[in-house]
Amino acid sequence: MHYKRYLLPSLCLVSLILTSCGGVLYTPPTAAVHCDIDPALLEPKAPTEAEGKTTIELWATAERQYCWRVYAPLVTAHQRPDLALSVRVHNLEINEGPLGERLMELSTRGNAPDIAYLFNQAAVKLGKAGHLYSLNNCRKKPEFHDIPDEFWTNFSDDGQAWGIPIDMEAMFLFYNKTILAQLGWTDSQIDELPARIDSGDFLLDDLIATARKAVATNVVQPGLALIPNRVQRTTIESLYVHGGGQFVDQERQQLLIQHNALEQTYSFLAALHRHQLLDATLAIPSFGDWGNKLILRDAAAHNRVLFWQAHASEFPRLAMDYQTINHGDINVQSDTAMLNKQIGIALIPATTKNRMAYTRLVNSGQYVIFAPQATGRTNQEAACDLFAATYNSDLLKKHGQKSGLITFVDGGFYLPDWFSSQLSLDSLIWLPPYFPKINEYSEIIVETGVRVELGELNASEAVGVAIQRLRDTFGSQIIVE
């Protein structure tokens, strides 16, 4: 496909950049500029300035539109002198996995920072190892009363709250308004699509039917009418949970697989293959998940894709791609407004009318506080005060609106203006819970699902293969219903 030529040089360039990054401490100046941070706040403090204040050290990875993750506590401490806190931030150029490993190592030696921004699994691992400070008392502060119990449950383990939920990366349905118009949709029909999805009037079967029509009428090339998320694990796990499936029997503390939900999952994948809606060139193994996202974003920015699933945070990136391709310069705010005329975003349609449209939470970010034995300091209550002051600030509202991540502030969801669906707790599909061998379990489900996408197995055969592999692997450790 000819659109690949736009991405290959970029992939090579980025590959060279990434190999030279390492894991050093680094505060990218562009992140501070993106957040309009006063440079004076980032300068080292003189001993006299920190005198009489409790020092808090924060580590996070937060480049460009994610900068509020690391800078919101810093600015809050500056705006609230009554807290008597001196906050030092380290914006790290390091991926989530290596960051968690580094913090585990430092905690073991008693040299960890006071607080950090982490994703869910890294936080649970540190908590289980005894390196984090339990937030069971901290969460009782009035500033956190609006946080739903579901959030705390998904940021907890063994009855201990290890993190304060800050933001969530979620998967949505993107659609091209121009292509829908070419299929005969009126402006009002296009504008009403998110509401129809929310109400259950437009289901996954309708999505497939519309995609098939686009290909049959040559409006869209085969393979570009309906593209599930290219990270198969996310798509397959989401379909399974949406169909009523559970990963773990919490009461018996065993892995769980549910036949009907799994068959419904594989039936959708079989339909994509049967109607020839998948294109393997948009999932090139050697490019990895990140490279394939770039290929998809390039095709979408060139108005070649009708429906696709992607992270909400892809929208600002797509806006920059779209503006660069069509006009040659970049302004994220105006670019996003322009792109909104071309591309819409909504919840993922339900499989049946008795189920809700949904969004799949891919990553959930949280602030964690390290225990005294991990840091050698006893400033944990001061760190909790800092989080409480930061949580309902306008800074985190900006974070959600600028980044495309879901933030829950002041008792409600904060989303960018371009998001048109109604988001509720009932429409969230949470991450699989942290549980021993959950990754091995998921790999079996996903590998079998890929065979369905390739046409090697039909839905019924795939269910049998997956369940047998799960039984062979886990024996009495898994329950089959």
Side-chain angles (χ1 to χ4, degrees), residues 120-121 124-125 128 150 153-159 171 203-205 208 228-229 231-274 278 309 348-364 425-481:
N120 200 39
Q121 288 211 358
V124 171
K125 289 179 182 178
K128 281 183 173 293
E150 291 92 336
T153 299
N154 281 273
F155 285 76
S156 302
D157 184 69
D158 294 335
M171 189 68 59
L203 302 173
L204 275 179
D205 285 346
I208 290 176
N229 176 40
V231 182
Q232 282 107 335
R233 175 170 180 170
T234 300
T235 298
I236 293 171
E237 287 178 347
S238 302
L239 287 166
Y240 173 71
V241 175
H242 183 257
Q246 297 180 51
F247 300 97
V248 176
D249 186 310
Q250 295 291 355
E251 188 173 324
R252 289 179 279 187
Q253 283 296 289
Q254 286 182 268
L255 292 170
L256 173 66
I257 188 70
Q258 293 173 296
H259 185 284
N260 290 343
L262 190 61
E263 183 159 20
Q264 183 174 292
T265 300
Y266 290 157
S267 293
F268 174 72
L269 301 178
L272 295 181
H273 173 78
R274 186 167 62 253
L278 295 174
Q309 291 180 20
I348 299 171
T351 50
T352 59
K353 286 187 178 292
N354 63 338
R355 297 194 178 277
M356 290 189 66
Y358 67 95
T359 178
R360 160 67 147 80
L361 300 182
V362 183
N363 286 317
S364 50
L425 286 173
D426 292 335
S427 59
L428 302 181
I429 287 183
W430 298 94
L431 295 159
Y434 181 82
F435 197 81
K437 300 185 178 179
I438 192 71
N439 289 333
E440 190 176 359
Y441 165 105
S442 290
E443 285 171 5
I444 292 172
I445 302 301
V446 172
E447 288 172 2
T448 309
V450 172
R451 294 184 65 188
V452 176
E453 286 187 345
L454 296 173
E456 296 176 5
L457 299 170
N458 62 36
S460 180
E461 292 169 339
V463 171
V465 168
I467 289 178
Q468 188 59 53
R469 283 189 63 190
L470 290 168
R471 281 179 165 147
D472 291 343
T473 303
F474 299 109
S476 61
Q477 298 176 359
I478 191 164
I479 300 168
V480 179
E481 290 185 350

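Heavy-atom basis, side chains included; hydrogens, waters and symmetry copies ignored. The model shown is predicted, which means the values in this text are computed figures rather than measured ones.
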Can you see which heavy atom on L262 is nearest to which on A466, and at what distance?
CD2-CB, 4.0 Å

Could I get the full list of side chain to side chain donor-acceptor pair (under 3.5 Å) partners for E481, not counting sequence neighbours?
Q258

Closest approach of G449 to I236 (non-hydrogen atoms, all atoms of both residues)
CA-CD1, 3.9 Å

Can you pull the side-chain hydrogen bond (donor to acceptor under 3.5 Å, both in side chains) pairs that have at least one residue in residues 259-273, sequence neighbours excluded?
Q264-T351

Would you sort out whether F268 and V452 count as a side-chain contact (heavy atoms from CB on, under 4.5 Å), showing the intermediate values?
CA-CA 9 Å; F268 174 72; V452 176; over 6 Å; no

Can you tell me how far the CD1 atom of I478 sits from the CD atom of Q254, to the nearest 0.5 Å?
9.0 Å

pair L457-T448: side-chain heavy atoms closer than 4.5 Å
yes

With D249 via salt bridge (Lys or Arg N to Asp or Glu O under 4.0 Å) - residues at least two apart
R252

Residue pairs meeting salt bridge (Lys or Arg N to Asp or Glu O under 4.0 Å), one or both in residues 460-473, sequence neighbours left out, come to E447-R469

Is there any ring pair (Phe, Tyr, Trp, His ring centres under 6.0 Å) pair reaching into residues 438-481, and which pairs are they, with sequence neighbours excluded?
F247-Y441

On a heavy-atom basis, the closest approach of G244 and A261 is C-CB, 4.2 Å

To the nearest 0.5 Å, what is the distance between CD1 on I257 and CD1 on I445?
3.5 Å

Taken in chain and number order and not counting sequence neighbours, the residues that satisfy salt bridge (Lys or Arg N to Asp or Glu O under 4.0 Å) with E456 are R451

Taking side chain to side chain donor-acceptor pair (under 3.5 Å) as the definition, give me every residue that meets it alongside E251, ordered by chain and number, with sequence neighbours left out.
none

Going by side chain to side chain donor-acceptor pair (under 3.5 Å), name the residues that satisfy it together with N458, two or more places apart in sequence or in a different chain.
none

Give me the atom names and distance for the closest heavy-atom approach of L203 to P349.
C-CB, 3.6 Å

If we only count heavy atoms from C-beta on, is the Q477 to L255 side-chain gap below 4.5 Å?
no

Residue pairs fulfilling salt bridge (Lys or Arg N to Asp or Glu O under 4.0 Å) with at least one residue in residues 348-357, sequence neighbours excluded
none

For T352, check side chain to side chain donor-acceptor pair (under 3.5 Å) against everything at least two apart and list the hits.
N354

Nearest heavy-atom neighbours spanning H242 and Y358
CD2-CD2, 3.0 Å

